[in-house]
Amino acid sequence: MRLTRYYMPTLKEKPSEAETPSHQYMLRAGLVRKLAAGIYSFLPMGWRVVRKIIEIVREEMDRAGALEVFLPVVQPAELWQESGRWEVFGKELLRFKDRHERDFCLGPTHEEVIVDLVRGEVRSYKQLPLNLYQIHIKFRDEARPRFGLIRAREFIMKDAYSFDKSWEDLDVSYGKMYEAYSRIFKRCGLDFVVVEAETGAIGGDVSHEFMVWADTGEDVIVFCEGCGYAANKEKASFMLDETEEEGEMKEPEKVYTPDVRTIDEVSNFLGVDPSKLLKALVYRANTGEFVLFLVPGDRDLNEAKAARAVGAESIEMALPDEVLDIAGVSVGFVGPCGLRKKVKVVADRTVKGRKNLVSGANEENYHIVNITPDVHFKVDLYEDIVFAEEGDRCPKCGEPLRFSRGIEVGHIFKLGTKYSAAMKATFLDEDGKEKPFIMGCYGIGVTRIAAAVIEQRHDEHGIKWPISIAPFEVYLLATNMKDESVKKIAEKLYMDLVAKGVEVLYDDRDERAGVKFKDADLVGIPIRVTVGEKRAKENAVEIRLRDTGEVEVVPVSSAVDRVLEIRKELYEELEP
RNA sequence: CGGGGCGUAGCGCAGUUUGGCAGCGCACCAGCUUCGGGAGCUGGGGGUCGCCGGUUCGAAUCCGGCCGCCCCGACCA
């Protein structure tokens, strides 16, 4: 492609709206332009990158035996009402009416549609396993889109759905996707880690996230260098230290603590370390049950774990008047001793065996000190309900856990029968019984991959694309189009490289060399071939790798062969 | 949804405090010179100053309302 015939509007200055490297460079290199908050158009270069990612995803999905389909973006409300998610899904689900006043939504995900597509058609276990996938637009009306394509409202996603007759078969389907995902991200040049994850509101049992290491990431990766354990913040567990506490057990005592409510305030006022305090939090589960959670003052309640502990799908902080009703006191003075109403008490497992703790006295402006669990108050259940903290011990090997930030590029779930059962999607099994499909679902953020790659592979001059998803393989740069020998060599190289099937972006613009070098660095095409006046006199050109900065000078006669060799090596580095 | 900030040429910004000709740099067009890391000179084109209303002889500037965008947090199938 000749740059004079191409559309690559690069920007010299950083657009004010862009903070993170990927966002900045995608705009500056002319890959995308914003249409509205979280909604982007792809320009020719950007779309070439996306198409290459799509092709890698497609190859690996096909290789894993999945079948490509194409499902509608606009979906009728009835399907979502059937699964129960019309009510459950929040404002992220963009709803609207058609001309007949019928409710529709833009698909944020396609479980409902795929289940509807398969039910009734797949009737026998003999037709299983089945894995259907698609690659196209999703729309989620995010509360706060940010970081350009990392959290956009409209984005391209690959989503796959597996249907199996048994949990054992689901394990096989799941394993194939795990393998395919690892191959995909390797081929895209990403440095990633697979973490155990919570399943969240999508439902299901086992789940893994594919996370790309990046300081600008929104997610926290909890990992252990000792044994390779890795989990996301919600899921991460830690090894419990033996906490049989030394010292005499003392008698409880009420203390006047006027308007002293927060952990910090109580800690300061009483001169007690936060770890000796008990945070008492009243929650309402989606089952309607109220629960009092107790966690040490120096730790935070993990709502996902807490919900799981009480067998609820979700939990929500109780409202102030609900707290007043249950504890007989306002938030800040709630504790496990002497609650007005009896509710289930769930304490973090680190609380067990502790002595002489401090908590609210369930009396306005009073705390109670020297209370010991199972002696001065009853705990119905000890469970892991807090977030792991950096430095906690790895649940597998006991080494200290480390935290790092990451971007989620893929997520796989063992869904089970959540949707197949709700939507009555069943098959006839070998034993003649009708059973709901055992499902799995598997997502990859295609456009997010493009951004994640830039987050990982850039420098102060621009992007450093891996060759597999680079918009072009070679940037052919003629330093001076008015110099006849330069132009002649460049034109011939261009024709020869194209003839060999190399994707070349030929910078044949009548620009100064400096402008061309800056653009070449910015757009980050991996192999740069420079035809300059001095070298041209010696019948040589310069080949430079964008990633390493490595330069070699080769005779014009062997330049094409050398480029082919380098290209081959660059692809080999990315092989799974 | 809570907090903060911004909206003036395609991009980056000044001007708003104290009302008085709408500016600067880059980009764009023409010419001359220059030509391996975002050139120089000369001349030029381009604006509903986010929108609506109000105050005023006069509003980018003051007042009221609305909209959009960014950042922090909450949320995130």
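Keep in mind that the numbers below use all heavy atoms, side chains included, and drop hydrogens, waters and symmetry copies. In what follows, chains carry the letters A, B, and so on, assigned in the order in which the sequence lines appear, proteins first and then strands, with residues in each chain numbered from 1.
Atom name P, nucleotides B:G58 and B:C11: the rounded distance is 33 Å, in whole Å. Rounded to whole Å, the C1' atom of B:C1 lies 38 Å from the corresponding atom of B:U18.
When rounded to the nearest whole Å, the span between NZ of A:Lys516 and P of B:A39 equals 13 Å. In this structure, the CG atom of A:Asp507 is 13 Å from the C1' atom of B:G36, given to the nearest Å. Atom CG of A:Leu522 and atom C1' of B:G38 are 11 Å apart (whole Å). Taking atom CD of residue A:Glu19 and atom P of nucleotide B:C72, one finds them 7 Å apart after rounding to whole Å. Nucleotide B:U33 holds its P atom 14 Å from the CZ atom of A:Arg512, rounded to whole Å. One interatomic measurement links the two molecules: CZ of A:Arg85 to P of B:C76, which rounds to 14 Å at whole-angstrom precision. In this structure, A:Leu93 atom CG and B:C76 atom P are separated by 15 Å, rounded to whole Å. Separating the CG atom of A:Leu477 from the C1' atom of B:G38 is a distance of 13 Å, rounded to the nearest angstrom.
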Table of protein N/O atoms under 3.5 Å from nucleotides 24-31 of chain B N/O atoms:
unit_1, atom_1, unit_2, atom_2, d
B:G25, N2, A:Glu13, OE1, 3.0
B:C26, O3', A:Lys12, NZ, 3.3

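Base-pair partner of B:C26: B:G10 (Watson-Crick or G-U wobble, both distances under 3.5 Å). With a cut-off of 3.5 Å on both pairing distances, B:A60 has no Watson-Crick or G-U wobble partner at all.
Look at A:Ser16 and you won't find any side-chain N or O under 4.0 angstrom from OP1 or OP2 of B:C70.
Toward the 5' end of RNA chain B, the nearer of the two residues A:Phe155 and A:Ala513, judged by each one's closest nucleotide, is A:Ala513. A residue-by-residue look at A:Phe147 and A:Glu303 shows that A:Phe147 has its nearest nucleotide of RNA chain B further toward the 5' end.
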Which letters describe nucleotides 1-10 of chain B, given B = protein heavy atom under 4.0 Å from base, S = only from sugar-phosphate, - = neither? ----------

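Side chain of A:Thr530 to backbone of A:Gly532: no donor-acceptor contact under 3.5 angstrom is found.
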